Amino acid sequence: MRVLVTGGAGFIGRHIVTELAARGHEPVVLDALLPAVHPHAAAVPAPRGATFHHADVRDPEALAPALRGVDAVCHQAAMVGLGNGVADAADYVGCNDLGTAVLLSAAAEAGVRRLVLAGSMVVYGEGRYDCARHGTVRPGPRAEDDLRAGRFEPRCPRCAAPLTPGLVPEEAPADPRNVYAATKLAQEHLTAAWARATGGRSVSLRYHNVYGPGMPRDTPYAGVASFFRSALARGEAPRVFEDGAQRRDFVHVRDVASANVAALEALEQRPPGSLTAYNTGSGTPRTIADMAGALALAHGGPAPVVTGEYRLGDVRHITADSGRLRAELGWRPEVPFADGVAEFAAEPMREAVPG
């Protein structure tokens, strides 16, 4: 299978290209090598084993040759992370939603009818919560007064009782809480519309917190594991926001790459005109403090510092049920957390963006 990987020179994209080649597929990479991600674009080697197109996914003239002879698209090109409130909203929408729309139009024109999208669990907003009295409830955004006072746990919106966090299924209503989350949900809607209009088959893999070798460092658009790892590389203690008890699912990048290839290989079995969403995580919730402590230990210190700081728009707990991906595609994560963190602690990170 000949597969176009947009963003294929990036953190996750490179691992997908490697996995595709290892499974006997023919990867084609399109990447704009944007300075925010690749500060020294001229020095970025083309992904091994792949045809490389240095171009922006928003450029339809560049997409036409990249899509020639392609059987499927693996769409990873995106601006990621929480960012800077709404100050960079236009950048997010341009990269994520306009880029996806241009790509889908070009794919339709080229006759490509199979696509795997890099989705995100951020589309759910807060995770699943159960109240002892009222069952499953959906708390609204946390009030800044509560955060400032150190009251980080959401309460039942009906009786204000403490809640028990749980796993979110794919059927849960979407509730994006920041600009990035809104653009990731819009990508899914655009892809679903493309599938219906063209008879295409599509999958959105809603990634959890992906970590591993090749993460960028010192950028506001990186994940929390990257922030911790960057601090340790500078000899500083990782700074853990809130009280560190926020629940996440940290999944290794090689496992995410194998999920993408499994989804690509199964696309032909999906019904035409559809988009199927799959939560993509390790299946084992851990706290932010767990990740910071494991990284510091593997790196040799210094120990994390819990600061009580917070960011508006952050959710408290978000861990999803990845059982559908395992049951329907036969995918299983293979990198144990301890092994993955030890590797990540020792591997060099991508160079910082010049300030």
Side-chain angles (χ1 to χ4, degrees), residues 80-86 89 119-186 188 206-209 220 223-225 227-228 238-251 277 279-294 304-324 337:
V80 301
L82 184 60
N84 297 306
V86 296
S120 175
M121 51 79 190
V122 296
V123 301
Y124 299 120
E126 283 285 355
R128 175 188 172 121
Y129 292 89
D130 291 307
C131 172
R133 180 179 177 187
H134 296 107
T136 300
V137 295
R138 295 184 59 79
R142 295 178 293 169
E144 187 168 10
D145 285 347
D146 286 337
L147 296 173
R148 190 181 299 115
R151 296 187 293 268
F152 300 122
E153 293 289 346
R155 293 274 177 163
C156 177
R158 298 177 63 183
C159 66
L163 299 173
T164 302
L167 300 179
V168 184
E170 286 89 351
E171 294 78 17
D175 184 18
R177 298 285 178 94
N178 54 59
V179 169
Y180 169 61
T183 65
K184 296 307 289 183
L185 183 58
E188 289 194 359
R206 292 174 175 170
Y207 300 160
H208 278 267
N209 292 67
V224 66
F227 296 153
F228 295 158
R239 296 177 62 82
V240 178
F241 280 18
E242 301 187 16
D243 59 359
Q246 308 94 302
R247 286 161 49 105
R248 298 292 188 268
D249 183 329
F250 295 98
V251 58
N279 295 329
T280 307
S282 73
T284 305
R286 300 180 188 276
T287 68
I288 297 292
D290 288 340
M291 170 56 86
V305 175
V306 177
T307 69
E309 296 172 88
Y310 59 86
R311 296 193 303 182
L312 290 177
D314 273 355
V315 298
R316 177 62 173 175
H317 305 297
I318 175 62
T319 54
D321 183 354
S322 300
R324 177 187 289 177
F337 179 73

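Predicted, not measured: the structure shown is a model, and the values here were computed from it. What's counted below: heavy atoms across the whole structure, side chains too, no hydrogens, waters or symmetry copies.
Taking a cutoff of 4.0 Å between a charged side-chain nitrogen and a carboxylate oxygen, R128 and D130 qualify as a salt bridge. Classification of R142 and E153 as a salt-bridged pair fails, no side-chain N sitting under 4.0 Å from a carboxylate O.
Panel note: side chain H317, backbone R247; a donor-acceptor pair is recorded below 3.5 Å.
Nearest heavy atoms, G281 versus H208: CA-CD2, 3.5 Å. Smallest separation of non-hydrogen atoms from A245 and R316: CB-NH2, 3.5 Å. In this structure, A174 and P176 approach most closely via the heavy-atom pair C-CD, 3.8 Å. Of all heavy-atom pairs spanning V179 and A89, the tightest one is CG1-CA, 3.7 Å.
A donor-acceptor pair shorter than 3.5 Å can be found between the side chains of S282 and D249.
In this structure T280 satisfies the side-chain hydrogen bond (donor to acceptor under 3.5 Å, both in side chains) test with no other residue, sequence neighbours excluded. The side-chain hydrogen bond (donor to acceptor under 3.5 Å, both in side chains) test applied to Y129 returns E126, not counting sequence neighbours. The side-chain hydrogen bond (donor to acceptor under 3.5 Å, both in side chains) test applied to R133 returns no partner, not counting sequence neighbours. The side-chain hydrogen bond (donor to acceptor under 3.5 Å, both in side chains) test applied to R239 returns E309, not counting sequence neighbours.
F250 CZ to F337 CZ: the interatomic distance, rounded to the nearest 0.5 Å, is 6.5 Å. Atom-to-atom distance recorded for L147:CG and L312:CG is 6.5 Å, nearest 0.5 angstrom.
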Checking side-chain contact (heavy atoms from CB on, under 4.5 Å) for the pair F228/V240: CA distance, chi angles, key distance, verdict?
CA-CA 8 Å; F228 295 158; V240 178; 4.1 Å; yes
May I have the step-by-step check of side-chain contact (heavy atoms from CB on, under 4.5 Å) for K184 and R206, ending in yes or no?
CA-CA 9 Å; K184 296 307 289 183; R206 292 174 175 170; over 6 Å; no
Full working for side-chain contact (heavy atoms from CB on, under 4.5 Å) between F241 and T307:
CA-CA 5 Å; F241 280 18; T307 69; 3.7 Å; yes
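Put simply, the residue from N209, V315, T319 that forms a side chain to side chain contact (heavy atoms under 4.5 Å, CB included) with M121 is N209.
Using a 4.5 Å cut-off on side-chain heavy atoms (C-beta onward), Y207 and V80 make no contact. Between Y124 and D175 there is no side-chain heavy-atom pair separated by less than 4.5 Å. For the pair Y310 and E144, the minimum side-chain heavy-atom distance is below 4.5 Å.
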Report, one line per pair, each donor and acceptor closer than 3.5 Å where one atom sits in a side chain of residues 157-171; sequence neighbours left out.
{"from": "E170", "atom 1": "OE2", "to": "N279", "atom 2": "N", "distance (Å)": "2.8"}
{"from": "E171", "atom 1": "OE2", "to": "R324", "atom 2": "NH2", "distance (Å)": "2.1"}

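Identified under the salt bridge (Lys or Arg N to Asp or Glu O under 4.0 Å) test for residues 280-293, with sequence neighbours left out: none.
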